[in-house]
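Quick caveat: nothing in here was measured; it's all calculated off a predicted structure.
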Amino acid sequence: MQSKLANTGTSIFTIMSKMAADYNAINLSQGYPGFDISHELVDLVVHYMKKGDNQYAPMPGLPQLREQISNKVNQTFGCNTNADDHITVTSGATEAIFATISALVHPGDEVIYFEPAYDSYSPTVLLNQGVPVPVKLNFPDFSIPWDEVASKITNKTKMIIVNTPQNPSGAVLKKEDVEALVELVRNKNIFVLSDEVYEHIIFDGAKHHSVLANDDLKDKCIAVFSFGKTFHATGWKMGYSVASKAITEEIKKTHQFVVFSVNTPIQLAMVDFLKKPNHYLSLPGFYQNKRDLFLELMRNSRFEPLHSSGTYFQTFSYSKISNEPDVAMAEKFTKEFGVASIPFSVFYGDQTDNKLLRFCFAKEEETLKKAAEILCKI
């Protein structure tokens, strides 16, 4: 059988989480919170389940949820979206990304994206017979080399994918980055897909610069978001996309044949939960405290931190400890020391190895203390 994704194997996140379980290691690899979600939110879901709201929701999402999302987006970014024309509720942000690329990328179209990269971008482009065009972010600050991006644009370029705050590096787009992006796509038939799932997990007083806030991009940009990341409920797979009316119509055509609609009781719970903005506006301080705690706990280790401006990931260099490949080191630390991480090279198509490991700090304080205690002895 001929595979459409011949070079794609089992996800590193699956591999490392299984290894963590097999060796009873502290799992700081896969990116999910290690603490309870809001009991209020759980109670709301249970309420609507018991009330009998358990059948199909409308394909693009419940109207009242799309209305709440529209209000949130407009208040947060100062834009002018409406529930009917611009918003699609999806089964997680990954499905929103898949539906968007599937709707807009045709065979032979080129899609520029940045490495290190979230692992769904390139395979989704390939599945739609597009051509992935990776551009490496500058190391070690993971800024975008805009001159190189400009050199990669051809008459076949259909889309540029950006990710802010960026997984895995924790870098965030600055105002000047968005301005550079605007100039690159000006008067060109190029879409901008912006993965903004960590929009509320941003540190040190930095501002999240969404593509939605820029009038010059409003007719060609798509932003995707995640309730799972925002409300610590990654297993619920709840997200949404925001785009112009014309683009949204195309996204919905694909979305309806991928999942059709997203589960009803959680949508209803989100309607109520979003009415209290502090549920998401408090996240920067909450996660910055965890980042700062983890950095302080690791201060006396031989690991060297790279700056993380957002997400709930912290990257460390182990170059003062060993020159072994990062995949081997991640496996060694899991099996021999009992702390699982993600090797950074897997986020590059060519497996660039800068001797880095990514750790998820969205864990209880006690878990971080135990992990750091072990790592500081290496």
Side-chain angles (χ1 to χ4, degrees), residues 11-37 92-94 116-120 142 163-172 195 197-203 226-237 283-298 301 303-318 326-327 329-334 337-347 356-376 378:
S11 165
I12 188 66
F13 309 108
T14 301
I15 292 170
M16 295 309 300
S17 284
K18 183 180 185 304
M19 191 178 296
D22 290 345
Y23 288 87
N24 196 30
I26 298 171
N27 190 359
L28 303 188
S29 60
Q30 195 168 1
Y32 59 83
F35 39 80
D36 288 340
I37 66 175
T94 301
Y118 177 57
D119 63 350
S120 82
F142 299 104
N163 177 201
T164 184
Q166 209 259 355
N167 176 19
S169 71
V172 300
D195 179 349
V197 301
Y198 297 99
E199 58 168 329
H200 296 298
I201 307 177
I202 193 165
F203 311 133
S226 167
F227 286 130
K229 296 293 193 298
T230 300
F231 297 131
H232 321 315
T234 59
W236 289 2
K237 295 301 294 179
L283 285 181
F286 174 79
Y287 274 115
Q288 181 167 335
N289 286 339
K290 288 188 176 294
R291 181 203 65 172
D292 292 349
L293 171 65
F294 191 40
L295 288 173
E296 178 60 25
L297 292 169
M298 292 286 287
S301 75
F303 292 86
E304 295 182 303
L306 278 68
H307 184 67
S308 174
S309 295
T311 76
Y312 44 54
F313 302 113
Q314 176 62 54
T315 300
F316 286 92
S317 168
Y318 64 84
D326 62 357
V327 173
M329 288 303 290
E331 293 176 351
K332 180 177 181 178
F333 290 153
T334 304
F337 297 101
V339 179
S341 60
I342 295 293
F344 219 77
S345 65
V346 301
F347 298 104
L356 304 176
L357 297 174
R358 190 199 75 174
F359 297 84
C360 176
F361 57 77
K363 309 297 177 183
E364 294 284 10
E365 182 175 320
E366 189 61 30
T367 301
L368 295 177
K369 286 181 177 179
K370 289 179 179 178
E373 183 179 0
I374 294 170
L375 295 170
C376 284
I378 298 176

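Within a 6.0 Å radius of CZ in F13, other residues, nucleotides and ligands contribute more than 12 heavy atoms.
Ionic pairing of K369 and E373 is not present here: no N-O contact between side-chain nitrogen and carboxylate oxygen is shorter than 4.0 angstrom.
Remark: C360 SG to Y312 OH distance equals 6.0 Å, nearest 0.5 Å. Separating the CD1 atom in I26 from the CG atom in L368 is a distance of 9.0 Å, to the nearest 0.5 Å. Interatomic distance, E199 CD to T230 OG1, rounded to the nearest 0.5 Å: 5.5 Å. Atom NZ in K332 sits 8.5 Å away from atom CD1 in I378 (nearest 0.5 Å). With rounding to the nearest 0.5 angstrom, the CG atom of L375 is 10.5 Å from the CG atom of L297. Atom OG of S169 and atom CZ of R358 lie 10.5 Å apart (nearest 0.5 Å).
Contact detail for P284 and F203: the closest heavy-atom pair is O-CD2, 4.0 Å. The shortest heavy-atom contact between L295 and P305 is CD2-CB, 3.6 Å. In terms of heavy-atom proximity, T311 sits nearest to F313 at OG1-N, 3.2 Å. For the pair A372 and F294, the tightest heavy-atom approach, listed with the atom from each and the gap, is CB-CE1, 4.5 Å. When all heavy atoms of L28 and K363 are compared, the pair lying nearest together is CD2-CG, 3.6 Å. Between V197 and A93, the shortest heavy-atom contact is CG1-CB, 3.2 Å.
Of the possible donor and acceptor atoms, one in the side chain of S301 sits under 3.5 Å from a partner among the backbone N and O of M298. A donor-acceptor pair is defined here as one N or O able to donate and one able to accept, closer than 3.5 Å; no such pair exists between the side chain of D292 and the backbone of E296. The backbone N or O of A340 lies less than 3.5 Å from no partner atom in the side chain of N27, so there is not a single donor-acceptor pair.
Using cut-offs of 30° and 60° for the angle between ring planes, the F359 and F303 rings count as perpendicular.
With 3.5 Å as the limit, one finds no donor-acceptor pair spanning the side chains of T367 and E364. Y198 and S226 form no side-chain donor-acceptor contact under 3.5 Å, judged by distance and modelled atom types alone.
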Please evaluate residues L357 and F316 with respect to the criterion side chain to side chain contact (heavy atoms under 4.5 Å, CB included), reporting the C-alpha separation (whole Å), side-chain torsions for both, the decisive distance (0.1 Å), and the verdict. CA-CA 6 Å; L357 297 174; F316 286 92; 5.6 Å; no
Assess whether side chain to side chain contact (heavy atoms under 4.5 Å, CB included) is satisfied between Q314 and R291, documenting all intermediate values. CA-CA 7 Å; Q314 176 62 54; R291 181 203 65 172; 3.9 Å; yes
Let's go through N289 and Y287 carefully: what are the C-alpha distance in whole Å and the side-chain angles of both, what is the deciding distance for side chain to side chain contact (heavy atoms under 4.5 Å, CB included) to 0.1 Å, and is it a yes or a no? CA-CA 5 Å; N289 286 339; Y287 274 115; over 6 Å; no
Chi angles and distances behind the side chain to side chain donor-acceptor pair (under 3.5 Å) call for S17, Q30: CA-CA 6 Å; S17 284; Q30 195 168 1; 2.8 Å; yes
Show your working on side chain to side chain contact (heavy atoms under 4.5 Å, CB included) between I12 and F347 and close with a plain yes or no. CA-CA 10 Å; I12 188 66; F347 298 104; 5.6 Å; no
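Here the side chains of F344 and P168 are in contact, with some heavy-atom distance below 4.5 Å. Two residues are said to be in side-chain contact when any heavy atoms from C-beta on lie closer than 4.5 Å; L283 and H232 meet this criterion. No side-chain heavy atom of Q166 sits under 4.5 Å from any side-chain heavy atom of Y118. Inter-residue side-chain proximity for V339 and T334 is flagged as unmet; no heavy-atom pair is nearer than 4.5 Å.
For the side-chain hydrogen bond (donor to acceptor under 3.5 Å, both in side chains) test with D326, the passing option among S341, S345, S317 is S345; the others fail. The only member of F35, F361, F231 that meets ring-ring contact (aromatic ring centres under 6.0 Å, His included) when paired with F286 is F35.
Under the ring pair (Phe, Tyr, Trp, His ring centres under 6.0 Å) criterion, H200 pairs with Y280, not counting sequence neighbours.
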